[in-house]
Student: 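Below you'll find the structure I mean.
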Amino acid sequence: QVQLVESGGGLVQAGGSLRLSCTASGRTFSASNIGWFRQPPGKEREFVGFIRWSDYRTRYADSVKGRFTISRDNAKNTVYLQMTSLKPEDTAGYYCAAGPDYGSGYVPHEYNYWGQGTQVTVSS
């Protein structure tokens with residue numbers, strides 16, 4: 001069993017930055033995709049990006065490309081989502097998830113484990 005815990009959310013002004021963390025316990029991230037998703041108020045959960053643990057491959061949604069970066073710390077079994085140039089439309093609950101790395105990484109149903117989420121609010 002894997003437990004994922006996100007942290008780092010908060011309130012920030014437009015143009016600002018935040019770094020979210022996703023730390024796993026129970027097992028390591030090997031052979032996994034670690035994805036970030038978000039759910040804006042009243043909307044469906046949407047893909048933000050993912051990293052494949054085995055080869056550091058990352059992919060991002062077009063809406064965040066160039067502004068968000070996913071990285072990892074092996075020693076801490078932690079994945080980070082660095083968010084810069086934040087916009088009000090980035091306001092959402094942000095969730096990390098872990099799933100097998102043979103998945104595409106883009107869709108929620110490929111992920112077996114989810115964190116509880118952390119709220120990001122960007123004011124204009």
Side-chain angles (χ1 to χ4, degrees):
Q1 190 73 9
V2 176
Q3 291 81 42
L4 302 176
V5 178
E6 300 102 332
S7 61
L11 173 65
V12 63
Q13 288 188 328
S17 300
L18 280 175
R19 189 179 77 162
L20 306 184
S21 301
C22 174
T23 300
S25 61
R27 54 163 280 188
T28 64
F29 281 139
S30 62
S32 298
N33 286 335
I34 309 304
W36 285 95
F37 292 81
R38 66 187 183 186
Q39 188 162 14
K43 296 185 178 180
E44 304 260 327
R45 190 165 296 189
E46 61 186 37
F47 170 76
V48 174
F50 80 93
I51 185 168
R52 189 160 65 189
W53 199 259
S54 61
D55 61 4
Y56 294 82
R57 174 187 179 185
T58 55
R59 292 293 185 270
Y60 301 92
D62 288 344
S63 59
V64 307
K65 203 172 292 182
R67 300 188 298 122
F68 290 12
T69 303
I70 298 174
S71 62
R72 68 188 235 200
D73 184 325
N74 294 355
K76 296 182 179 180
N77 216 30
T78 296
V79 171
Y80 301 100
L81 178 66
Q82 178 69 50
M83 305 185 293
T84 63
S85 301
L86 282 161
K87 306 174 182 179
E89 51 263 44
D90 294 318
T91 294
Y94 281 73
Y95 300 84
C96 69
D101 64 3
Y102 53 76
S104 73
Y106 290 93
V107 294
H109 68 74
E110 294 177 351
Y111 292 86
N112 308 113
Y113 304 101
W114 290 82
Q116 82 288 350
T118 186
Q119 180 66 33
V120 172
T121 302
V122 184
S123 63
S124 56

Student: Treat each ILVMFWY residue as a node, draw an edge where side-chain heavy atoms are under 4.5 Å apart, and state whether Leu20 and Ile51 are in one component.
Tutor: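 As far as the 4.5 Å side-chain criterion goes, Ile51 and Leu20 are connected within one cluster.
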Student: Over all heavy atoms of both residues, which pair between Ser32 and Asp101 is shortest? Give the atoms and the distance, please.
Tutor: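 What the structure gives for the nearest pair is C-CB, 3.8 Å.
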Student: Is there a side-chain contact between Gln119 and Thr91 in this structure, where contact means two heavy atoms from C-beta onward sitting under 4.5 Å apart?
Tutor: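 With C-beta onward as the side chain, the pair touches.
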Student: Nearest heavy-atom pair of Ser85 and Asp90: which atoms, and what distance?
Tutor: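 So the two residues come closest at O-OD2, 4.4 Å.
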Student: Can you tell me how far apart OG1 (Thr121) and CG (Leu86) are? Round to the nearest 0.5 Å.
Tutor: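 Going from OG1 on Thr121 over to CG on Leu86, the span is 11.0 Å.
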Student: Find out whether Arg38 and Leu81 are in side-chain contact, i.e. whether some heavy atom of one side chain is under 4.5 Å from a heavy atom of the other.
Tutor: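 Not in contact.
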Student: Show the nearest heavy-atom pair for residues Thr78 and Ser21, with the distance to one decimal.
Tutor: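 Closest approach of Thr78 to Ser21: CG2-CB, 4.2 Å.
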Student: Using the six-membered ring wherever Trp is involved, compare the ring planes of Phe50 and Phe47 and label them parallel, tilted or perpendicular (cut-offs 30° and 60°).
Tutor: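 Geometry flag for Phe47 against Phe50: tilted rings.
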Student: With sequence neighbours excluded, give me every ring-ring contact (aromatic ring centres under 6.0 Å, His included) pair touching residues 60-104.
Tutor: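 Listed by first then second residue: nothing to list.
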Student: Going by the salt bridge (charged side-chain N to carboxylate O under 4.0 Å, His left out) test, which pairs reach into residues 70-83, not counting sequence neighbours?
Tutor: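 As it turns out, there is no salt bridge (charged side-chain N to carboxylate O under 4.0 Å, His left out) pair with a partner in residues 70-83 once direct neighbours are skipped.
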Student: Should Trp114 and Ile70 be regarded as members of a common hydrophobic cluster, given that ILVMFWY residues are connected when their side-chain heavy atoms come within less than 4.5 Å of each other, either directly or indirectly?
Tutor: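 No, separate clusters.
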Student: Just by modelled atom types, is the Cys96 backbone N or O under 3.5 Å from a matching donor or acceptor in the Glu6 side chain?
Tutor: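 Present.
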Student: Could you tell me whether the side chain of Gln13 and the main chain of Ser123 form a donor-acceptor pair under 3.5 Å?
Tutor: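 No; zero donor-acceptor contacts below 3.5 Å.
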Student: Decide yes or no for Glu110 and Ser104: does some side-chain heavy atom of the first lie under 4.5 Å from some side-chain heavy atom of the second?
Tutor: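 Of all side-chain heavy-atom pairs linking Ser104 with Glu110, at least one is under 4.5 Å.
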Student: Indicate, with yes or no, if Tyr111 and Val48 share a hydrophobic cluster defined by side-chain heavy-atom contacts under 4.5 Å among Ile, Leu, Val, Met, Phe, Trp and Tyr.
Tutor: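 No, Val48 and Tyr111 fall in different hydrophobic clusters.
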Student: Could you pull out the closest heavy-atom pair between Gln82 and Ser17, with the gap in Å?
Tutor: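 Answer, listing the atom of Gln82 first, then Ser17: NE2-CB, 4.0 Å.
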Student: Please find the pair of heavy atoms, one from Pro88 and one from Ser124, that lie closest to each other, and give the distance.
Tutor: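 Of all heavy-atom pairs spanning Pro88 and Ser124, the closest is CG-CB, 3.8 Å.
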Student: Which pair of non-hydrogen atoms, one from Pro100 and one from Asn33, has the smallest distance, and what is that distance?
Tutor: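 For Pro100 and Asn33, the tightest heavy-atom pair comes out as O-ND2, 3.6 Å.
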Student: Would you find a donor on one side and an acceptor on the other, under 3.5 Å apart, between the side chain of Gln116 and the backbone of Val5?
Tutor: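 No, the answer is negative, given that no donor and acceptor are paired below the 3.5 Å cut-off.
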Student: In the single-linkage hydrophobic clustering (I, L, V, M, F, W, Y; side-chain heavy atoms under 4.5 Å), do Val122 and Trp36 co-cluster?
Tutor: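 Yes.
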